[in-house]
Amino acid sequence: MKRFMWSFLALLIVACVGVYLAGGFECFAASPGTAGAAIPGDRTKAYITLGILIVAALLFVTEALPLPITAMLVPVGLSSTGVLTSKVAFSYFGDNTVVLFMAMFIIGESTFVTGFADRVGQMALKLSKGDMKKLLLFSMIAVGGLSTVLSNTGTTAVAVPMIMGMCASAKVAPSKILMPVAFASSLGGTVTLVGTPPNGIINSMLDQVGIPQFGFFEFGKFGLILFAVGMLYYWAFGYRLLPEDKGGEDHSFGSELKERRTAKMPYSMGIFAFVVIMMVTGALPLTTAAVLGACLVVATRCMTMKEAFHCIDWVTIFLFAGMLSMSAAMQKSGAAALVANAVVSNVSGPTMLMFVSCALTMLLTNFMSNTATAALMAPLALPIAVGGGISPLPLMMGICMSASACFLTPIATPPNTIVLTPGRYTFLDYMKAGWPLQIISLALCVFVIPMIWPF
């Protein structure tokens, strides 16, 4: 209880310090019109937001409090200090992605209780011959490949129960597979125009200023390199930085049910296939398809209502929903624009501008949605490039690729959050296993992209 009170007080104290010092940091911010990102006249809320973010980040890393508690204190802090209204701060528990998570937990559990996931795991075991590195590579290729044209959130949500079945059959710790798979889903999205929203945002902004857009597969000129390097890194070395799951072959899905309801397997397989087809074809929105599938697995008695309620991972739900309020606050308070302007507006030279733009994008995307990050950074760098007489194409490509390079936190992107509990990861595990790929991605963006699209 004392730790809780001290942590909450820390959030409020930093927020109050932000109010007091708001007028003293003007020298760090660029003038409102220099870079294209809107900076508020009154920056008090921006400083409060940054203060709360810093304290939350420290609590996440140290795990002084359980992750969901820290995440819940964020909307509490933002609403109690007036950065967001209480209605807005807590509205994200009804967000589409949060509902999608809950539905996919139920569908994923149904594949275990009916033995469907076990069957998939046994087939994968035969193909990989039980080799962990082969399982890792096959899983990353499959999920990353699908994410080139499908939602990375939907792809990861569908893949997790299958991968858990594979791990159980091969007696491989899920913690050695799931995090790289989540990263692969983000990297796969960099290959095509529709792979991830930032790609479309960049094209739209180029079109608005009369610059030729990137082609549908043109993103793949660099995206395929980034995807391949990410897979090879984890296959050759990165897996060693992943934590060992002390639970071994045990997993969170279906772990309490010893006897599978194999008679219901055809229903589970059919519902699972239906949900995947609806997601792939777009016949139904992702969340609609997932909720319908969750209803069907209970209606067909693949699992009981009690089991459906029990299998939802509330750590994931509270962590993701709580931190969505921070993403909104970073945008609405002008905190993200304040940081971006202060950094980008004070650099010169194409290489340095490329480095700073990509590095800042990678930092922000680990705490904000990649869509919001790209929408913030692109209009910031575009006029600087045009005004400086250099091609904006490498900068724009660098920003959209950096927006998908989110490997340091479980809140960076939905796939990272989805694998948090099944992989039994801590917040720090993401930093330990993700920072080398983050550095590699930054180096590739800064030095390789200008070779493909010269300044």
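Computed from a prediction, not measured in an experiment: that's the story for all the values here.
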- Using the benzene-type ring in the case of Trp, are the ring centres of Phe222 and Trp453 under 6.0 Å apart?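 So the answer is no for these two rings.
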- Taking the six-membered ring for Trp, are the ring centroids of Tyr239 and Tyr234 within less than 6.0 Å of each other?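 Judged by ring-centre distance (under 6.0 Å), Tyr239 and Tyr234 do not meet the cut-off.
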Please examine the side chains of [Y] and [X], heavy atoms only from C-beta on, and report whether any two atoms are closer than 4.5 Å.
X: Ile177; Y: Met166; answer: no
X: Ile69; Y: Pro66; answer: yes
X: Glu109; Y: Met303; answer: yes
X: Ser441; Y: Ser402; answer: no
X: Ile452; Y: Ile449; answer: no
X: Val55; Y: Leu73; answer: no
X: Leu193; Y: Phe217; answer: no
X: Ile52; Y: Ile48; answer: yes

Can you tell me if [X] uses its side chain to pair, donor with acceptor, with the backbone of [Y] under 3.5 Å?
X: Thr281; Y: Ile277; result: yes
X: Lys264; Y: Thr300; result: yes
X: Thr409; Y: Asn366; result: yes
X: Thr421; Y: Asp313; result: no
X: Thr417; Y: Pro410; result: yes
X: Lys133; Y: Ala236; result: no
X: Gln438; Y: Phe407; result: yes
X: Thr413; Y: Asn416; result: no
X: Asn203; Y: Phe214; result: yes

- Message: Run Phe105 and His310 through side-chain contact (heavy atoms from CB on, under 4.5 Å) and show every step you take.
- Response: CA-CA 10 Å; Phe105 281 129; His310 181 70; over 6 Å; no
- Task: Could you tell me whether Phe355 atom CZ has more than 12 heavy atoms of other residues or ligands within 6.0 Å of it?
- Result: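 Atom CZ in Phe355 is not packed in, count stays at 12 or less.
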- Item | NZ (Lys432) with more than 12 external heavy atoms under 6.0 Å |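 Counting neighbours around NZ of Lys432, 12 or fewer heavy atoms of other residues, nucleotides or ligands fall under 6.0 Å, so no.
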Please collect all ring-ring contact (aromatic ring centres under 6.0 Å, His included) contacts where either partner lies in [range], sequence neighbours excluded, each pair once.
range: residues 263-298; answer: Phe116-Phe272
range: residues 423-444; answer: Phe60-Phe427, Tyr425-Tyr430
range: residues 148-178; answer: none

Distance, nearest 0.5 Å, that separates [atom1] of [X] from [atom2] of [Y]:
X: Leu437; Y: Leu226; atom1: CG; atom2: CG; answer: 7.0 Å
X: Thr70; Y: Leu65; atom1: OG1; atom2: CG; answer: 4.5 Å
X: Leu78; Y: Leu84; atom1: CG; atom2: CG; answer: 5.0 Å
X: Leu408; Y: Thr365; atom1: CG; atom2: OG1; answer: 10.0 Å
X: Met269; Y: Thr111; atom1: CE; atom2: OG1; answer: 11.0 Å
X: Met362; Y: Asn370; atom1: CE; atom2: CG; answer: 12.5 Å

- Task: Verify the distance criterion only: is there a donor paired with an acceptor across the side chains of Thr196 and Asn199 at less than 3.5 Å?
- Result: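 Checked: Thr196/Asn199 side chains show no N/O donor-acceptor pair below 3.5 Å.
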- Item | Donor-acceptor pair between Asn152 and Ser147 side chains, under 3.5 angstrom |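 No.
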- Applying side chain to side chain donor-acceptor pair (under 3.5 Å), which residue pairs with at least one partner in residues 155-167 are found, sequence neighbours left out?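 For residues 155-167, and leaving out neighbouring residues, the side chain to side chain donor-acceptor pair (under 3.5 Å) pairs sorted by first residue read Thr156-Ser185.
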If you compare all heavy atoms of [X] against all heavy atoms of [Y], which two are closest, and at what distance to 0.1 Å?
X: Thr49; Y: Ser333; answer: OG1-OG, 3.3 Å
X: Lys221; Y: Ile225; answer: O-CD1, 3.4 Å
X: Phe320; Y: Pro414; answer: CZ-CG, 3.8 Å
X: Cys358; Y: Cys445; answer: SG-CB, 3.9 Å
X: Ser175; Y: Pro243; answer: OG-O, 2.7 Å
X: Thr153; Y: Leu100; answer: CG2-CD2, 3.5 Å

- Query: So Leu364 and Met330, side-chain contact (heavy atoms from CB on, under 4.5 Å) or not? Walk me through it.
  - Reply: CA-CA 10 Å; Leu364 291 175; Met330 288 286 287; 4.2 Å; yes
- Task: Indicate the ring-plane relationship of Phe318 and Trp314, choosing parallel, tilted or perpendicular according to the 30° and 60° boundaries.
- Result: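 It falls in the tilted class, 30° to 60°.
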- Message: Working note: Phe219 + Met401, criterion side-chain contact (heavy atoms from CB on, under 4.5 Å); need CA distance, chi angles, decisive distance, verdict.
- Response: CA-CA 9 Å; Phe219 293 90; Met401 292 295 156; 4.1 Å; yes
- Set of side-chain hydrogen bond (donor to acceptor under 3.5 Å, both in side chains) partners for Thr288, sequence neighbours left out: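 So Thr288 forms no side-chain hydrogen bond (donor to acceptor under 3.5 Å, both in side chains) with any residue.
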- Please lay out, stage by stage, how Thr426 and Asp429 fare under the test side-chain hydrogen bond (donor to acceptor under 3.5 Å, both in side chains). CA-CA 5 Å; Thr426 65; Asp429 286 334; 3.2 Å; yes
- Query: For Ala157, which residues count as a side-chain contact (heavy atoms from CB on, under 4.5 Å) partner, sequence neighbours excluded?
  - Reply: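 Per chain and number, Ala157 pairs via side-chain contact (heavy atoms from CB on, under 4.5 Å) with Met104, Ile418.
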- Query: Please walk me through it: do Met164 and Val160 pass side-chain contact (heavy atoms from CB on, under 4.5 Å)?
  - Reply: CA-CA 6 Å; Met164 295 294 285; Val160 164; 4.1 Å; yes
- Message: Just to verify, which of Leu360, Ile202, Ile201, Leu382 counts as forming a side-chain contact (heavy atoms from CB on, under 4.5 Å) with Met377?
- Response: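 Of the listed residues Leu360, Ile202, Ile201, Leu382, the side-chain contact (heavy atoms from CB on, under 4.5 Å) partner of Met377 is Leu360.
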- Query: Between Glu307 and Arg261, is there a salt bridge with N-O shorter than 4.0 Å?
  - Reply: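 Counted as a salt bridge, because a side-chain N and a carboxylate O are separated by less than 4.0 Å.
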